[in-house]
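One structure is given below, encoded as structure tokens.
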Protein chains: 2
Amino acid sequence: MATIYEVSKAAGVSLATVSRVMNGNVKVSDRTREKVLKAMAELGYKPNSIAQSLASNRSNSVGLLVSALHGSFFGNMMSTVEDVLRKAGKHVVITAGHSDEQQEKNAIEFLLDRRCDALILHAEAVSDEYLLELSQRDVEVVLINRRIEQMAERCFYTDNELGGYLATKAAIDKGHSDIAYISGPLFKQDAKERLEGHKRALREANIAFDSELLIEGGFHEAEGAQGYLQLTAVNKPFTALICANDEMASGAMTAARERGVRIPEQLSVVGFDDVLFARYLYPKLTTIDNPIQKMGNGAAHWVLEHVYKQKKPHQHINLFVPKLIMRDSLVAPA
Amino acid sequence: MATIYEVSKAAGVSLATVSRVMNGNVKVSDRTREKVLKAMAELGYKPNSIAQSLASNRSNSVGLLVSALHGSFFGNMMSTVEDVLRKAGKHVVITAGHSDEQQEKNAIEFLLDRRCDALILHAEAVSDEYLLELSQRDVEVVLINRRIEQMAERCFYTDNELGGYLATKAAIDKGHSDIAYISGPLFKQDAKERLEGHKRALREANIAFDSELLIEGGFHEAEGAQGYLQLTAVNKPFTALICANDEMASGAMTAARERGVRIPEQLSVVGFDDVLFARYLYPKLTTIDNPIQKMGNGAAHWVLEHVYKQKKPHQHINLFVPKLIMRDSLVAPA
DNA sequence: AATGCAAATGTAAGCGCTTTCATGGTTAAA
DNA sequence: TTTAACCATGAAAGCGCTTACATTTGCATT
């Protein structure tokens with residue numbers, strides 16, 4: 001593999017000049033540039049990105065932390081982030097935190113060791129303090145799906161409270177008043193906010209919140225199924241079930257159906273996220289659009305602009321507004 | 001950030017000794033090692049992985065090419081590969097090829113530029129020749145879901161023909177004889193092989209293959225729905241529909257249901273891959289287990305062993321055997 | 001104590017770039 | 001023509017490590 005030295009010799013110029021031609025930040029005469037480019041082409045020269053990184057103190061890589069690499073929710077986000085950054089010649093190192101504090105910290109340390117220029121984090125388990133401290137270090141930190149006051153302009157998040165509100169409101173508008181709710185794990189901020197929204201919608205409709213109709217789940221399908229069974233065990237009838245994400249909605253629907261409950265005739269179900277398979281479900285799931293791609297896109301562009309000084313004036317939107325996606329799983333009660 | 005030089009000064013030894021302590025490949029006296037480790041701890045020293053890479057000519061990174069970052073199929077694979085390699089301190093650079101020849105080539109070039117020590121490729125669009133040539137270069141190349149004779153021991157793949165056979169055989173065993181098939185894009189080898197298996201099963205059962213009951217799809221949900229509609233337009237009755245992957249099976253089920261067809265009573269459906277959402281579908285999808293995680297696992301361990309010389313004697317299995325996963329979408333014809 | 005050897009440690013030359021600073025060559029103003 | 005000002009280029013010092021080779025140390029022999 002040819003090095004810059006061989007190019008400089010072939011072109012009859014110094015190393016420095018070759019470097020300048022590559023980087024294009026310092027003026028080089030046209031004649032010289034031609035010579036250098038020709039030599040590069042002839043030698044099939046490719047700069048060694050590792051040497052570049054060492055010399056420039058820039059790794060040109062961005063660390064991305066997600067909870068899990070599989071799953072529709074993260075797939076979409078990774079996809080967007082990778083796309084935007086790779087088009088800018090940066091690369092993305094992806095790690096998984098599994099919603100566990102220690103694993104998230106390990107993953108972040110790993111990214112730091114890799115000398116990432118910036119970190120895009122979907123961190124669920126570490127504390128605000130940890131993240132604030134991290135952002136004092138010499139990496140730029142951007143947060144997805146989380147808001148911390150002191151670093152608000154680097155946070156890209158959904159209005160989860162509004163989303164939770166919209167989901168329940170939709171059921172109420174259809175005429176439901178006995179509404180159960182399976183939340184996410186309440187140590188997670190988004191799960192908590194969605195539940196808040198649910199309660200607000202009930203309050204506005206003068207429906208008393210009944211804690212027996214609330215089950216705390218874990219965002220996984222199995223907990224949706226299990227949550228449904230627990231709810232029926234209480235022996236309080238409900239005609240609509242709101243789930244804090246689509247996975248749990250799917251699990252709940254399956255469990256209900258196995259019990260012989262017809263959906264949506266006997267039970268309406270609403271999800272949250274609008275992941276890809278929401279429309280594959282039967283009946284097609286009514287859910288809340290959680291614009292995860294847009295958040296990924298926002299975060300990636302923020303990094304390009306602030307870390308790599310790309311000056312495409314990009315309008316940064318930090319707060320994304322969820323929308324109701326009406327499909328078939330929500331109908332008026334019998 | 002402390003450098004190796006500061007550590008060596010603090011410990012009162014040379015740079016080389018510190019390096020040796022870190023890498024552990026050359027013997028260092030216990031007393032010296034203690035001193036060095038102490039100095040490291042006190043200074044909070046972390047080696048600069050970029051400098052290490054430059055000096056050792058090892059990037060410690062593995063490139064992974066998939067068709068798309070979202071989607072259950074790839075999610076599982078990425079997840080496995082990342083997990084195995086990160087536990088070994090390597091990092092994974094993930095790129096997407098979008099099943100397009102030029103995009104796949106670009107992605108591979110990108111990984112090469114990043115000086116990856118090895119490439120794990122799920123390449124669908126580039127030619128065997130291209131891959132063979134690539135493997136002559138100074139990266140190790142491993143293939144997933146593809147077999148090229150000349151590099152057989154670095155290929156990890158499913159017996160797609162057998163999978164296709166099993167799917168159709170299952171329908172035949174249930175008593176079906178009018179069986180339609182929606183294939184994947186036939187320029188892809190796996191799609192072709194699955195179709196071959198389908199034909200073999202028909203042949204063995206003395207059922208004539210009817211090309212009017214074959215539709216070429218593209219592995220996406222929409223093409224499953226569309227494929228179903230095309231099949232019905234032919235006006236040849238069929239009681240079972242085999243799809244070359246789960247996405248298309250889901251699409252076909254949705255389309256059929258919208259036409260008022262009850263599944264599985266009026267139409268049995270079989271998928272392929274057993275992606276996560278296959279069991280979320282209604283009815284739960286009978287499908288073929290495609291052990292994509294195992295392939296990812298095999299590929300990652302191959303890399304650890306052959307590129308990074310980790311000598312955990314790992315039994316490499318190159319050919320994975322698919323299995324039928326019987327669920328609810330396949331029953332005997334009415 | 002002198003000798004020989006192996007083990008432990010040190011020295012220094014890279015790895016392939018970027019970037020600061022110095023230098024020589026041009027051009028324009030005086 | 002002289003001088004100043006500027007521009008393009010080159011020389012060389014890093015960036016923080018690894019590793020071949022040289023040197024020293026410690027220990028068992030004699």
Using five pairs at either end of the helix from C:dA1-D:dT30 to C:dA30-D:dT1, determine the angle between the two local helix axes and round it to 10 degrees. 50°
Side chain B:Ser53, main chain B:Arg58, donor-acceptor under 3.5 Å: yes
Between the side chains of A:Asp117 and A:Tyr308, is a donor N or O closer than 3.5 angstrom to an acceptor N or O? yes
Quick one: does A:Asp100's side chain have a donor or acceptor within less than 3.5 Å of a partner on A:Gln102's backbone? yes
Scan residues 1-9 of chain A against DNA chain C and write down, sorted by residue number, each residue with any heavy atom closer than 4.0 Å; if none is found, say none. A:Thr3, A:Ile4
Report the residues that fulfil salt bridge (Lys or Arg N to Asp or Glu O under 4.0 Å) with A:Glu82, sequence neighbours left out, ordered by chain and then residue number. A:Arg86
Whichever of B:Arg115 and B:Val13 has the more 5' nearest nucleotide on DNA chain C, that residue is B:Val13
B:Ser56 side chain vs B:Gln52 backbone, donor-acceptor pair below 3.5 Å: yes
Using a 4.0 Å cut-off on heavy atoms, which residues in residues 52-60 of chain A reach DNA chain D? List them by number, or say none. A:Leu54, A:Ala55
Can you name the salt bridge (Lys or Arg N to Asp or Glu O under 4.0 Å) partners of B:Arg115, sequence neighbours left out? none
First and last nt of DNA chain D near chain B, cut-off under 4.0 Å to heavy atoms, 5' to 3', are D:dG16 to D:dA20
Which of residues 14-31 of chain A sit near DNA chain D, with a heavy atom under 4.0 Å from it? A:Ser14, A:Ala16, A:Thr17, A:Arg20, A:Lys27, A:Val28, A:Ser29
Tell me, which of residues 35-50 of chain A have any heavy atom that sits under 4.0 Å from an atom in DNA chain C? A:Tyr45, A:Lys46, A:Pro47, A:Asn48
If only atom types and distance count, is the side chain of B:Asn23 paired as donor or acceptor with the main-chain N or O of B:Asn25 below 3.5 Å? no
Could you name each residue pair satisfying ring pair (Phe, Tyr, Trp, His ring centres under 6.0 Å) that touches residues 74-95 of chain A, not counting sequence neighbours? A:Phe74-A:His122
Quick one: sort the B:His316 and B:Phe156 rings into parallel, tilted or perpendicular, breaks at 30° and 60°. perpendicular
Would you say A:Thr158's side chain and A:Asn160's backbone share a donor-acceptor pair under 3.5 angstrom? no
Does atom CG of B:Asp138 have more than 12 heavy-atom neighbours, drawn from other residues, nucleotides or ligands, at distances under 6.0 Å? no
For A:Glu153, salt bridge (Lys or Arg N to Asp or Glu O under 4.0 Å) partners two or more places apart: none
Tell me if a side-chain donor or acceptor on B:Glu104 pairs with a main-chain N or O of B:Ala125 at a distance below 3.5 Å. yes
A:Arg146 and A:Tyr157 side chains, donor-acceptor separation under 3.5 Å: no
Output side-chain donor-acceptor pairs under 3.5 Å for residues 36-47 of chain A, partner residues at least two apart or in another chain, one line each.
from    : atom 1 : to       : atom 2 : distance (Å)
A:Lys46 : NZ     : B:Glu109 : OE1    : 2.7
A:Lys46 : NZ     : B:Asp113 : OD1    : 3.2

Could you tell me whether B:Lys309 and B:Glu305 have a side-chain N and a carboxylate O separated by less than 4.0 Å? no
Residues in salt bridge (Lys or Arg N to Asp or Glu O under 4.0 Å) with A:Lys188, at least two apart? A:Glu124
